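Right, one structure below, let's go through it.
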Amino acid sequence: MNKAAGFSGGCQCGAMRFHINGSLGKASICHCRMCQKAFGSWGAALVSVPFDAFKWTRGAPSEFRSSAIVARGFCAACGTPLYMRDDGDPNIEMAIGAFDRPDEVGPLVDQVGVESRLAWFNGMHKLPEKMTTDYNSPEQMLLLKSLQHPDHD
């Protein structure tokens, strides 16, 4: 979906879909331990979205309260992390990877929760790079065909 029409996204299996009318807010990286656990990773890339511009177009998320003031939403069917929301905040923080066109989200403007940043995070950009085809045969590539919902409705 192009920026003029808004933004859309969803989970891996397609049970959850969302749409945002209008502009996105600040995009950032969160290194806090709760984001590390919620995303099963080094942290989370999130973008702020005014909640009144946001709507679920398919499904309803499951939620986990990661603290007394924060709810985290995910797809119960496939486990995709989708958002975090502080109680009373007029914005929802959406997972950038859940957008259909994540390259259109951003640029990232800051990092938060840096007291929990993993020691190796700052060196990730120095690691050697490989394409998936560099270490998989053509036969293996056929088996890696994605079963996830396409990045559109």
Side-chain angles (χ1 to χ4, degrees), residues 1-57 59-132 134-135 144 146 148-152:
M1 178 148 288
N2 66 38
K3 290 182 182 185
F7 297 85
S8 63
C11 66
Q12 275 195 301
C13 72
M16 302 291 313
R17 295 289 297 162
F18 63 84
H19 184 77
I20 298 156
N21 285 315
S23 299
L24 302 175
K26 179 175 83 166
S28 61
I29 292 174
C30 183
H31 293 278
C32 81
R33 188 66 183 130
M34 284 185 272
C35 280
Q36 290 172 2
K37 293 286 266 188
F39 282 75
S41 188
W42 52 262
L46 301 162
V47 64
S48 180
V49 175
F51 197 68
D52 60 359
F54 175 87
K55 71 175 180 174
W56 294 107
T57 57
S62 290
E63 278 192 348
F64 173 73
R65 302 277 312 174
S66 60
S67 75
I69 61 168
V70 175
R72 294 177 181 272
F74 60 95
C75 175
C78 67
T80 301
L82 296 166
Y83 67 87
M84 67 163 281
R85 187 165 190 210
D86 290 359
D87 292 347
D89 191 334
N91 298 307
I92 186 169
E93 301 292 326
M94 295 301 297
I96 293 174
F99 281 76
D100 291 343
R101 297 177 192 243
D103 276 343
E104 292 180 359
V105 178
L108 295 172
V109 297
D110 66 2
Q111 299 181 63
V112 299
V114 296
E115 67 279 1
S116 299
R117 182 173 44 217
L118 299 176
W120 48 260
F121 178 84
N122 287 340
M124 285 186 358
H125 69 284
K126 296 177 185 175
L127 295 172
E129 297 180 352
K130 296 178 184 176
M131 301 286 290
T132 308
D134 292 343
Y135 55 90
L144 289 175
S146 176
Q148 73 183 25
H149 185 271
D151 286 338
H152 58 80

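Source: prediction; values computed, not measured.
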Atom pairs and distances, side-chain donor-acceptor, residues 20-29, under 3.5 Å, sequence neighbours left out:
from  : atom 1 : to     : atom 2 : distance (Å)
Asn21 : OD1    : His19  : NE2    : 3.0
Lys26 : NZ     : Asp110 : OD2    : 3.3

Are Phe18 and Phe7 an aromatic pair, judged by ring center distance below 6.0 Å? no

Does any part of the side chain of Val47, heavy atoms only, come nearer than 4.5 Å to the side chain of Phe99, both counted from C-beta? yes

Do Gln12 and Ser146 make a side-chain contact, defined as non-hydrogen atoms from C-beta onward lying under 4.5 Å apart? no

Could you give me the CA-CA distance, side-chain angles and deciding distance for Asp100 and Arg17, then say whether side chain to side chain contact (heavy atoms under 4.5 Å, CB included) is met? CA-CA 10 Å; Asp100 291 343; Arg17 295 289 297 162; 2.8 Å; yes

Value rounded to 0.5 Å, distance of [atom1] in [X] from [atom2] in [Y]:
X	Y	atom1	atom2	result
Asp52	Ile92	CG	CD1	12.0 Å
Met34	Ser66	CE	OG	5.0 Å
Arg85	Glu93	CZ	CD	10.0 Å
Ser48	Asn91	OG	CG	3.5 Å
Leu118	Ser41	CG	OG	8.5 Å
Cys78	Gln148	SG	CD	8.5 Å

If you compare all heavy atoms of [X] against all heavy atoms of [Y], which two are closest, and at what distance to 0.1 Å?
X	Y	result
Gly79	Phe74	O-CB, 4.4 Å
Pro81	Ala38	CG-O, 3.7 Å
Met84	Asp86	CE-OD1, 3.5 Å
Arg65	Ala71	NH1-CB, 3.8 Å

Quick one: do His149 and Cys13 satisfy side chain to side chain contact (heavy atoms under 4.5 Å, CB included)? Show the steps, please. CA-CA 5 Å; His149 185 271; Cys13 72; 5.8 Å; no

Stepwise side chain to side chain contact (heavy atoms under 4.5 Å, CB included) check, Met16 with Leu82: CA-CA 9 Å; Met16 302 291 313; Leu82 296 166; 4.0 Å; yes

Does the plane of the ring in Phe51 sit parallel, tilted or perpendicular to the ring in Phe54? Use 30° and 60° as the thresholds. parallel

Residue pairs meeting salt bridge (charged side-chain N to carboxylate O under 4.0 Å, His left out), one or both in residues 117-128, sequence neighbours left out, come to none

Judged by atom type as modelled, is there a donor-acceptor pair below 3.5 Å linking the side chain of Arg33 to the main-chain atoms of Gln36? no

Residue pairs passing the ring-ring contact (aromatic ring centres under 6.0 Å, His included) test with at least one member in residues 100-123, sequence neighbours excluded, are His31-Phe121, Trp42-Phe121

When you look at CE of Met131, are more than 12 heavy atoms from neighbouring residues, nucleotides or ligands closer to it than 6.0 Å? no

